[in-house]
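None of the values given here were measured: they were computed from a predicted structure.
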Amino acid sequence: MWIRTVDRDDLENIRDLLVKTWHATYDDIYGEDRVNAINEDWHSLKALQKRMTKPYSEFVIADDGTEILGVAYASMGDERVAYLHQLYVNPQAQGRGAGKALLIEMESAFPMAAKMRLEVEEANAKAIAFYENQGYRQVDRTENCGSRDSGIPALILEKQIG
């Protein structure tokens with residue numbers, strides 16, 4: 001497995017991975033219809049293409065040579081804070097190190113950042129445990145994870161990286 005920068009040819013496969021992962025993780029929490037709507041908004045090809053050209057950002061995949069195991073996207077914010085917007089691993093590939101490798105890559109991608117911050121759905125105990133095992137701690141919470149009016153409650157986790 002290696003971590004590499006996303007290529008335009010990867011976008012369809014990334015979208016498929018995100019749709020599959022979101023349904024496996026969030027159908028029981030939000031329902032299939034809401035997950036479909038989120039996937040159409042947040043994980044559309046147009047949304048993924050925008051990530052490829054955003055300044056001060058990193059968009060990478062974990063690839064084993066036959067399939068994309070996971071994807072991560074982060075950007076640099078103000079005040080020396082990097083934001084991890086997305087880290088998802090194919091449910092069939094979880095537990096094989098792809099998530100940890102992607103997180104390490106994101107933490108090292110912003111040498112000027114003093115900390116990495118992320119939002120995680122309160123009901124996603126598996127993701128919370130993963131991030132806490134990597135040294136992240138809750139610093140706040142939000143009622144609108146991912147976008148201003150999402151209505152999705154989330155914990156805000158943070159880790160000192162610089």
Taking every non-hydrogen atom, the tightest pair across [X] and [Y]:
X	Y	answer
S75	K54	OG-NZ, 3.6 Å
A123	I29	CB-CD1, 3.7 Å
T21	N90	OG1-CA, 3.9 Å
Q94	V89	NE2-O, 3.0 Å
A62	M1	CB-SD, 4.0 Å
M52	R8	CE-N, 3.5 Å

task = Assess whether atom CD of Q160 is packed by more than 12 heavy atoms of other residues, nucleotides or ligands within 6.0 Å.
result =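 Result for CD/Q160: enclosed.
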
Option from L87, L69, L84 for which side chain to side chain contact (heavy atoms under 4.5 Å, CB included) with L102 holds = L87

query = Which residue, I61, N13, I68, D63, forms the side chain to side chain contact (heavy atoms under 4.5 Å, CB included) with V6?
reply = I61

key: Side chains of M76 and S57 in contact at under 4.5 Å (non-hydrogen atoms)   =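 They are not in side-chain contact.
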
ask   = Are side-chain heavy atoms of L157 and V139 found at a separation under 4.5 Å?
value = no

In terms of hydrophobic clusters joined by side-chain contacts under 4.5 Å, are [X] and [Y] together?
X	Y	result
V60	L11	no
Y83	I156	no
F59	L45	yes
V120	I38	no
M106	L118	yes

inquiry  = Tell me if a side-chain donor or acceptor on D41 pairs with a main-chain N or O of A37 at a distance below 3.5 Å.
reply    =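 No, the answer is negative, given that no donor and acceptor are paired below the 3.5 Å cut-off.
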
task = Output yes when a side-chain donor or acceptor of K159 lies under 3.5 Å from a complementary backbone atom of Q134, and no otherwise.
result =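 The answer is yes, because a donor-acceptor pair under 3.5 Å joins these two groups.
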
Between [atom1] on residue [X] and [atom2] on residue [Y], distance to nearest 0.5 Å:
X	Y	atom1	atom2	result
E119	E121	CD	CD	11.0 Å
Y73	E58	OH	CD	10.5 Å
L18	Y88	CG	OH	7.5 Å
M116	I161	CE	CD1	4.5 Å
R34	N39	CZ	CG	12.0 Å

request  = May I have the step-by-step check of salt bridge (Lys or Arg N to Asp or Glu O under 4.0 Å) for E122 and R141, ending in yes or no?
outcome  = CA-CA 9 Å; E122 293 177 316; R141 65 181 312 283; 2.4 Å; yes

task = Name all pairs fulfilling the salt bridge (Lys or Arg N to Asp or Glu O under 4.0 Å) condition that reach into residues 15-32, sequence neighbours left out, sorted by first residue then second.
result =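 Of all non-adjacent pairs touching residues 15-32, those that pass salt bridge (Lys or Arg N to Asp or Glu O under 4.0 Å) are R15-E40.
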
message = Using 30° and 60° as the class boundaries, would you call the ring planes of W22 and Y26 parallel, tilted or perpendicular?
response =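 If you compare the ring of W22 with that of Y26, the planes turn out tilted.
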
inquiry  = Please verify the inter-ring angle class for Y131 with Y136; under 30° counts as parallel, over 60° as perpendicular, anything in between as tilted.
reply    = perpendicular

query = In a check of side chain to side chain donor-acceptor pair (under 3.5 Å) between E158 and each of R117, R137, Q138, which one passes?
reply =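 Considering R117, R137, Q138, a side chain to side chain donor-acceptor pair (under 3.5 Å) with E158 is found only for R117.
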
